[in-house]
Number of protein chains: 4
Amino acid sequence: MFELDLRSRKPIYEQLVEKLKQLIINDVLKQDEKLPSVRMLAQQLSINPNTIQKAYRELETQGYIYSVKGKGSFVNHMVITENTEELKRIKEELRKKLAEAFFIGITLEELEELIEEVKQQIARGEQDDSNK
Amino acid sequence: MFELDLRSRKPIYEQLVEKLKQLIINDVLKQDEKLPSVRMLAQQLSINPNTIQKAYRELETQGYIYSVKGKGSFVNHMVITENTEELKRIKEELRKKLAEAFFIGITLEELEELIEEVKQQIARGEQDDSNK
Amino acid sequence: MFELDLRSRKPIYEQLVEKLKQLIINDVLKQDEKLPSVRMLAQQLSINPNTIQKAYRELETQGYIYSVKGKGSFVNHMVITENTEELKRIKEELRKKLAEAFFIGITLEELEELIEEVKQQIARGEQDDSNK
Amino acid sequence: MFELDLRSRKPIYEQLVEKLKQLIINDVLKQDEKLPSVRMLAQQLSINPNTIQKAYRELETQGYIYSVKGKGSFVNHMVITENTEELKRIKEELRKKLAEAFFIGITLEELEELIEEVKQQIARGEQDDSNK
DNA sequence: GTGGTCTAGACCACA
DNA sequence: GTGGTCTAGACCACT
């Protein structure tokens, strides 16, 4: 399920954060759905529980999930988050990636195409949501 | 000339590598042109020479420059990078960031604005640093 | 009647303790009045009875209620709390939070607004939960 | 210098975060001043370095300090932070403390007094800053 | 020597 | 069983 690169220069917990974000954004993990428990996931990935914790905590501060002692960790409603700070952060990251892309020679057509793809993907996710 | 962000989480040597790459790719530094000597640059930027060294070494292994003992470092004849592979990678990363941005609630207007900004920035030949 | 925030980082039993304390202090629950039974309340709030138990036990050790085997829990004759000590503590905490707020750039207008809000909320007899 | 309560229910790292925030806010630690290194502080307080790290990291995400690998951790310029998200968080916390204070019976006079005290304290801090 | 990541293992608080 | 904190100790990346 998760493919982690233990040799990568990118820390394991950051890889985890990214993967989980993707799952949430792509609506694989729905609102209020329970994430795998820290220990379970740790065992599954044969990784130290502390490392999982660190990832979950990061996701929590970024507003993607919330954790309840004794119960587990759950996907957050993004509506509630109203995440101005996070938006700023993401926009900055996006700005960099766009610069890279233009620099390496992406065309405006390719960019428009990409945006269209993503929009449709999100739209699909939102539809799935309606049955909640 | 170089604007390094000492506070950035991105290591200084990496910032240097990026800056120099961009200068090379933008043809500000021409083929076979001599790069500033390690000591000069170190003094100019008031940075440890070792850090410059590391950046130059990195650029060498990545094929952007070559060093001649006792003479200095020089810009390599760049192979027009087989950017298909690289482009694909960047596009994939861009797709993810776009999905994140939409998910967190970026508006199309904001996105257009961002793209416009980046286009102008590229036009001016600028670039950015700083990292998450 | 009770609004518990299951997502809050503050444990449910603590939320319960606070709510009940306020009800007692506000004289909504009168002296010697019987509290709802553990099972009833548990069912009503769809919460584990153990959690209610823990809250009641806590209230008992804090002197707010007393329990009679086989009969239930009852509101204690409240000692008019020696609030001088408590007031001092709260004021100190408030001082710190105010300093933080000013430091981070709260304006006097925002502060006045906040105070006004809280005053009205108190007037309405409300209260809040959720914790950092 | 630091008085930590190892028995407290409040985690050590949170106590550390609070103490350090206070030092920063009260201008005991000036802008760009170097904080004690993780290991040093750990030794001084006879606490595990990881715990200090956790505190420093929290302060970093809250925008109070910034850390540079190989150099150390430093007090941030608050101007740069423009911390809308943090302001929101602090305001919420302040709201709760105000509610507590009113509830326990603080008078408006006492509150005004408190605010005046804090304002003067901040004013003093800013004057000290002018020699920077 | 600096911050940062990770592990193994223990213990606590909560439901 | 769940999340959360803490320790001891190792190793890495950067300056």
Task: Nearest-nucleotide 5' precedence on DNA chain E, A:S46 against D:E60 - done: D:E60
Task: Base E:dG3 to side chain D:Q53, donor-acceptor N/O within 3.5 Å cut-off - done: no
- [ ] Take A:L6 and A:G70, find for each the nucleotide of DNA chain E with the closest heavy atom, and name the residue whose nucleotide sits nearer the 5' end.
- [x] A:L6
- [ ] Using heavy atoms to find the nearest nucleotide of DNA chain F for A:K34 and B:N50 separately, return the residue whose nucleotide is more 5′.
- [x] A:K34
- [ ] Check every atom of F:dT5, F:dC14, E:dG3 against the side chain of B:E14 and return the nucleotide holding the closest atom.
- [x] F:dC14
Open item on the list: Distance check, rounded to the nearest 0.5 Å: A:L29 atom CG versus A:L20 atom CG?
Closed with: 7.0 Å
- [ ] Write down the distance between CG (B:N48) and C1' (E:dT2), rounded to a whole number of angstrom.
- [x] 13 Å
Task: Whole-Å distance separating the CZ atom of A:R9 from the C1' atom of F:dA13 - done: 7 Å
Open item on the list: In whole Å, I'd like the distance from the CD1 atom of A:I52 to the C1' atom of E:dT5.
Closed with: 14 Å
- [ ] Select from A:M40 and B:K54 the residue whose nearest nucleotide in DNA chain F is closer to the 5' end of that strand.
- [x] A:M40
- [ ] Let me know the distance between CD1 of A:I47 and P of E:dT5, rounded to the nearest Å.
- [x] 14 Å
Task: salt bridge (Lys or Arg N to Asp or Glu O under 4.0 Å) evaluation trace for A:E58 with D:R57 - done: CA-CA 11 Å; A:E58 178 71 17; D:R57 165 135 210 181; 3.8 Å; yes
- [ ] Could you work out which one of F:dT2, F:dT15, F:dC6 sits closest to the side chain of D:Y13?
- [x] F:dC6
Open item on the list: For E:dG3 and D:R57 - does any side-chain N or O of the residue sit under 4.0 Å from the phosphate oxygens OP1/OP2?
Closed with: no
- [ ] Using whole Å, report how far CZ of A:R39 lies from P of F:dG4.
- [x] 10 Å
Open item on the list: Looking at B:Q43, I want to see if its CD is surrounded by more than 12 non-hydrogen atoms of other residues, nucleotides or ligands under 6.0 Å.
Closed with: no
- [ ] Could you tell me which nucleotide pairs with F:dT2 by Watson-Crick or G-U wobble geometry, both distances under 3.5 Å, or answer none if nothing does?
- [x] E:dA13
TODO: Could you point out which residue of D:E60, D:K21, D:K34 forms a side chain to side chain contact (heavy atoms under 4.5 Å, CB included) with D:I65?
DONE: D:E60
Task: Length of the line joining A:K69:NZ and E:dC11:P, which is rounded to integer Å - done: 17 Å
Open item on the list: Within the 4.0 Å heavy-atom criterion, would you say B:I12 contacts the bases, only the backbone, or no part of the nucleic acid?
Closed with: sugar-phosphate
Task: Rounded distance (Å) that lies between atom C1' of F:dA13 and atom CD of B:E58 - done: 13 Å
Task: Listed nucleotide nearest any side-chain atom of A:T51, set E:dG4, E:dT7, F:dT2 - done: E:dT7
Open item on the list: Can you tell me how far apart CD (D:E18) and OH (D:Y13) are? Round to the nearest 0.5 Å.
Closed with: 11.0 Å
Open item on the list: Nearest whole Å is fine: how far is E:dC6 C1' from A:L4 CG?
Closed with: 13 Å
Open item on the list: Does F:dG3 have its OP1 or OP2 closer than 4.0 Å to a side-chain nitrogen or oxygen of A:S67?
Closed with: no
